[in-house]
Amino acid sequence: MKKIAKWAGSAACAVLLMASGSAMAEDDASIDQQVDALLAQMTLDEKVGQLTQFSDIGDVTGPAPDDALQARKVELIRSGAVGSMLNVIGLNEIRTIQDYAVENSRLKIPVIFGYDVVHGYRTSFPIPLAESASWDLDMIEASARVAAVEASAQGLNWTFAPMIDITRDARWGRVMEGAGEDTYLGTEIAVARVRGFQGTDLSAPDTIAATAKHFAAYGFAEAGREYNTVDIGTATLFNVVLPPFKAAIERANVRTVMNAFNVLNGIPATGNAFLQRDILKGDWGFDGFVVSDWASGLEMVNHGFAEDGRDAARLAMLAGSDMDMESYVYFDHIADLVENGEVPEALVDDAVRRILRVKFELGLFEDPYRYLDAEREAASLLTPEHLDTSRRMAERSIVLLKNEGDLLPLQPGETIALIGDLAADKDSPIGNWRGMGEANSAVSVVEGFEEAGLDFTYEQGAALQIGEAGFAQQVIVNTEDRSGFEAAVAAASAANKVVIVLGEDALQSGEGRSRTRLDFPGVQQELLEAVHAANPDTILVVMSGRPLVLTWADENVPSIVQAWHLGSESGHALTNVLTGAYNPSGKLPMSFPRALGQVPIYYNQLNTGRPNQIPDVFWSHYIDESNAPLYPFGYGLSYTDFAYSGLTVTPTADGAEISFTVANTGELAGEEVAQLYIRDLAASVARPIRELKGFKKISLAPGESGEVRFTLGPDELGFYNGHGKFLVEPGRFDVFVGGSSAAELTASFDLQPE
Ligand code: NOJ
């Protein structure tokens, strides 16, 4: 999204303001005292103001804001009726709004500014699903750190990220924004991302508050259709959906949680007291605040849960949704509801307290202008160091799916036909949810090849889309124009090897972008087949925001590279992988289906009662396709080979010690993600056939071996029952270790009763 200056107005000079007049101190008790002192001075209307978040107009990230209220925005902020804004970009714009709040409002409470800083801010990083393919927690944390440094340098205090929804359905457009299908991997990545954004000191000017979203189960939208109903069992909720949220709170102290658009088992998430009051604020003791999703309060009327906006405000507040994003239901109705005794003021006070606490923690009361520093802005955006971090992240996000006959890496002296619209595209690698990543600013593959001095010719072959779509518009795909095929085929025939880059435009995944097909949009598949027929030494590079069905390619094309949308440094990272300057190490964070009809497909499924192939038809299968994915979760190749051996499982009092050896048996140095899976063979709630419970990324020279050790204890061996009770049950566990969820090296142990 691009931002234009909308809030013209002179930047007032920075002043130090203390809301309560008391000395600023940073410890929790002192913050609580200051919050209480401030709360005691607030009128009901001022309290409602703290619960209200408006979007700036311009590049909004949801349905258009209310014009009449927007016209009164200045007056409202000056009166203390708006405590938070989103989508305000630019130091002057933020300073102008902050001035209204802290110079004109009675209690001078600063505004908190939020924005979707999802995978980089100005320096674009790989989309979150791609980063997750690195399984590199340090790099993922570093990526979020850079995003926070850049966003805070432009005055932002708060990101609506990370999205930590577990997602199993590649039709859903927002799979690009999460960590994929696995709860263990997703949990570790959630913690790394929150730590990256929030750093160790939230009041430092280069850290921002993070948001764990969407609470809860938005990733389970039926049929992968955006905003659709979610109906899942509570065992799935507790074991699959909730753990990343719990960890983001307990291990990373995430300061805000966003609820969700979806209905969960009949109750909209925004009006869901079970989720927000019982679990989040009750069982988990979350002391930050909950922000609604965009207008999700009012949408409860459409869900058939609230009668009208007033009822929606009542239900959302009773359920524990603290701040209303862009549905104005708190702004319009909370004061009246409190005055009529329909909402206890104590609940409003609790919500306000939570919001004020985070504002104090961010240091906004100490200095509401602390994030507004033009010098820091000039020094912090798109620096060479940030670009370098982005390139390293991008290299680690690429997954080598197939490499028959070692067609890759490209060899010096080879001539290459580089084909495909996406090969020259400088925009799609920036991905969706691009923050302030500039349009057309990525290094393309063409540019990467040029800089590396490769001997290549480029042919587009076919345009991917007709015209250019904006953030809120549909991409119109080229389904007819094949006029470039001939030149592409000629280039392919004349070259030693073909590199063809196909896939999705940046705006074919993301919010509001569900698909019913997981193929290459438009005429790209035909182009692939034509080019491959002309030169079978074809390397397919797939840029996409989701797993696509690559079955034809897998059967026909010798080498396949999954490249997602890789950010600013896309072309450099891809060139390095294709030439072998970087040996690929990515592993899939989602299963890739063989056929669309297998979706949702995920590795950690429960067994059926009839899992085994028998001569007749009465077993769990498809009559026209295998059950297996094309590429399983955790899978990814390297230019070298790794062998696993020596699995030792030593039972302990409450689990087991696991050790094994990984050897680099090839001729190149490389990194491998060694993975540990378990299966609990019989439990009071049926457990998956495999569950990831540990991984380590190790670097090995050719011929080198390394020992990998894991400890399995109650946290790894236990599970939640359908009532949310954590149980650790004795009995037999299988252990599997290897380089994917199809790992074959296995052993067992018995967990003894306590
Ligand atoms: C709606 C999206 O669901 C949410 O993730 C995002 O943070 C808000 N819009 C604000 O842009």
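Numbering of ligands and ligand atoms starts at 1, following listing order.
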Who passes side chain to side chain donor-acceptor pair (under 3.5 Å) against Y227, sequence neighbours left out?
->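 Here the qualifying residues are E511.
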Among all residues two or more places apart in sequence or in another chain, which pass the side chain to side chain donor-acceptor pair (under 3.5 Å) test with R195?
->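 Testing R195 for side chain to side chain donor-acceptor pair (under 3.5 Å), a comparison that skips the adjacent residues, returns none.
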Give yes if a backbone or side-chain nitrogen or oxygen of [X] is under 3.5 Å from a nitrogen or oxygen of ligand 1, and no if not.
{"X": "W294", "value": "no"}
{"X": "E177", "value": "no"}
{"X": "K213", "value": "yes"}
{"X": "T61", "value": "yes"}

Beyond-backbone contact of V290 with K281, side-chain heavy atoms, under 4.5 angstrom |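 Yes, at least one pair of side-chain atoms sits under 4.5 Å.
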May I ask you to test the I279-F274 pair for a side-chain heavy-atom distance under 4.5 Å?
->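 Answer yes - side chains close enough.
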With heavy atoms only and a cut-off of under 4.0 Å, state how [X] meets ligand 1: side chain, backbone, both or neither.
{"X": "L86", "answer": "side chain"}
{"X": "M258", "answer": "side chain"}
{"X": "E326", "answer": "neither"}

Would you call R78-E75 a salt bridge at under 4.0 Å N-O?
->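 No, this pair does not count.
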Validation row, ring centre W294 to ring centre F160 under 6.0 Å |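 Judged by ring-centre distance (under 6.0 Å), W294 and F160 do not meet the cut-off.
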Is the distance between the ring centroids of Y184 and W135 under 6.0 Å?
->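 No, too far apart.
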Judged by atom type as modelled, is there a donor-acceptor pair below 3.5 Å linking the side chain of K359 to the main-chain atoms of G83?
->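 Such a contact is found between K359 side chain and G83 backbone.
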Residue-ligand contact R174/ligand 1, heavy atom below 4.0 Å =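 Yes.
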Out of curiosity, is F261 lining ligand 1, as in a heavy atom under 4.0 Å away?
->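 F261 counts as a contact of ligand 1 under the 4.0 Å cut-off.
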What residue and atom, counting heavy atoms only, is the protein's closest point to atom 4 (C) of ligand 1, and at what distance?
->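 Atom 4 (C) of ligand 1 sits closest to the protein heavy atom D293 OD1, 3.2 Å.
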Tell me, which protein residue and heavy-atom name are nearest atom 7 (O) of ligand 1, and how many Å apart are they?
->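 Minimum-distance protein heavy atom for atom 7 (O) of ligand 1 reads D116 OD1, 2.6 Å.
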F160 neighbourhood, listing ligand 1 atoms whose heavy-atom distance to it stays under 4.0 Å |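 Matching atoms, with element in brackets: 7 (O).
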